[in-house]
Student: 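Here it is: the structure, laid out below.
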Amino acid sequence: LDTGIRQRIVRAVGAEVLGQFLNIGIRLLLVPLFLSAWGAQAYGEWLILTAAAAWFGLGDLGGGLYFTNRMTVAWADGRRDDFQKVLSTGLSFFLGSSSILFGCVVLGLTWPPLLPWLGLHTVDMEVAKLVLLVMALRFLVALPVGLLLGIYRATGAQATSVMYGNLMLVIQFIASAFALLMGGGMLILATLEVLPLLMVTVFVCRDLRR
């Protein structure tokens, strides 16, 4: 293999391994913090709410991989205009689908029988609605952001894409741990899931523009 390609592969593998360690380590460290701050019942209901919101991540419909692969081919062939066209189409698709799905969430939360199906007992229903709304927003915002990170993969900078994801994990962990230690509730924790994503997105957009 060419030296440059070998170095990119090593960096990408290293970033992926680091990401796996961070993901597992952060989950293990946060569990006792959640249990000591909220108790088992409230923590279980938090998991129910976040799991319900995570279904909106399926709004990707495989489009992230499709558009990234199309961009990769266009970049490798030197077709920059096609690359920009695929990127623009992908962003338009994800911004549109995310907006539609978020509208569905808002409408769905106005349906009274919805939340009782989740079997919540500790969380106030109004708080649960807001948590679902914020967490759904977090997964829907991640769709166009994932395409932006796909630009790095398409242009041979896989490690950079993964490291931005790792940075997001670290920021979320620090913010969530601090909030739990300070007695923060579910709505604060949900908000802290979204803010790091938006922060890293700003860094990514500036980096890509440069």
Side-chain angles (χ1 to χ4, degrees), residues 12-60 64 98 101-102 105-106 108-109 114-146 148-149 159-205 207:
V13 171
E16 291 281 2
V17 171
L18 175 61
Q20 291 299 321
F21 275 112
L22 284 174
N23 195 26
I24 295 172
I26 286 171
R27 291 177 186 277
L28 291 176
L29 289 172
L30 280 179
V31 170
L33 289 176
F34 274 111
L35 292 175
S36 61
W38 294 353
Q41 180 65 32
Y43 177 52
E45 293 184 8
W46 164 258
L47 293 179
I48 291 172
L49 290 170
T50 54
W55 280 96
F56 291 100
L58 297 177
D60 176 87
S98 295
L101 287 171
F102 189 69
V105 175
V106 174
L109 291 177
L114 178 63
L115 287 178
W117 284 357
L118 299 178
L120 305 176
H121 302 290
T122 303
V123 187
D124 179 78
M125 287 297 106
E126 292 304 314
V127 173
K129 286 182 180 180
L130 291 173
V131 170
L132 272 175
L133 198 65
V134 173
M135 290 302 295
L137 178 64
R138 179 251 185 274
F139 285 104
L140 293 175
V141 168
L143 298 182
V145 174
L148 291 177
L149 292 176
T160 303
S161 170
V162 177
M163 288 307 294
Y164 272 120
N166 293 343
L167 174 62
M168 204 179 306
L169 284 174
V170 171
I171 295 174
Q172 286 174 341
F173 168 67
I174 294 173
S176 298
F178 181 75
L180 288 169
L181 291 172
M182 296 300 293
M186 288 192 185
L187 187 55
I188 292 176
L189 265 293
T191 304
L192 292 175
E193 288 282 328
V194 178
L195 290 179
L197 177 61
L198 297 178
M199 290 170 57
V200 172
T201 301
V202 172
F203 295 147
V204 169
C205 289
D207 187 30

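Heavy-atom basis, side chains included; hydrogens, waters and symmetry copies ignored.
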Student: Shortest non-hydrogen contact from Phe139 to Thr50?
Tutor: CE1-O, 4.1 Å
Student: Compare every heavy atom of Leu169 with every heavy atom of Leu22, then report the nearest pair and how far apart it is.
Tutor: CB-CD1, 4.4 Å
Student: Hey, is the main chain of Leu140 close enough, under 3.5 Å, to the side chain of Ser98 for a donor-acceptor pair?
Tutor: yes
Student: Pair up each side-chain donor or acceptor in residues 172-185 with any protein partner under 3.5 Å, not counting sequence neighbours, and list the distances.
Tutor:
| residue | atom | partner | partner atom | Å |
| --- | --- | --- | --- | --- |
| Gln172 | NE2 | Glu193 | O | 3.0 |
| Ser176 | OG | Gln172 | O | 2.8 |

Student: Nearest 0.5 Å, please: how far is CD in Glu16 from CE in Met163?
Tutor: 11.0 Å
Student: Search all heavy atoms of Ala53 against all heavy atoms of Leu132 and return the closest pair with its distance.
Tutor: N-CD2, 4.2 Å
Student: I'd like to check the salt bridge (charged side-chain N to carboxylate O under 4.0 Å, His left out) partners of Asp207; sequence neighbours left out, ordered by chain and number.
Tutor: Arg210
Student: Considering non-hydrogen atoms only, spot the tightest contact between Trp46 and Met135 and give its length.
Tutor: CH2-SD, 4.4 Å
Student: Taking all heavy atoms of Ala190 and all of Val131, pick out the closest pair and write down the distance.
Tutor: CB-CG1, 4.3 Å
Student: Considering only heavy atoms from C-beta outward, does the side chain of Val141 approach that of Val194 to under 4.5 Å?
Tutor: no
Student: Given 3.5 Å as the limit, does a donor-acceptor pair link the side chain of Glu45 with the main chain of Thr122, or not?
Tutor: yes
Student: So, taking the atom named CG in Leu192 and the one named CG in Leu187, what distance separates them when rounded to the nearest 0.5 Å?
Tutor: 9.5 Å
Student: Measure the CG-CZ distance between Leu195 and Arg138 for me, rounded to the nearest 0.5 Å.
Tutor: 11.5 Å
Student: What are the two closest heavy atoms between Leu149 and Ser161, and how far apart are they?
Tutor: O-OG, 3.4 Å
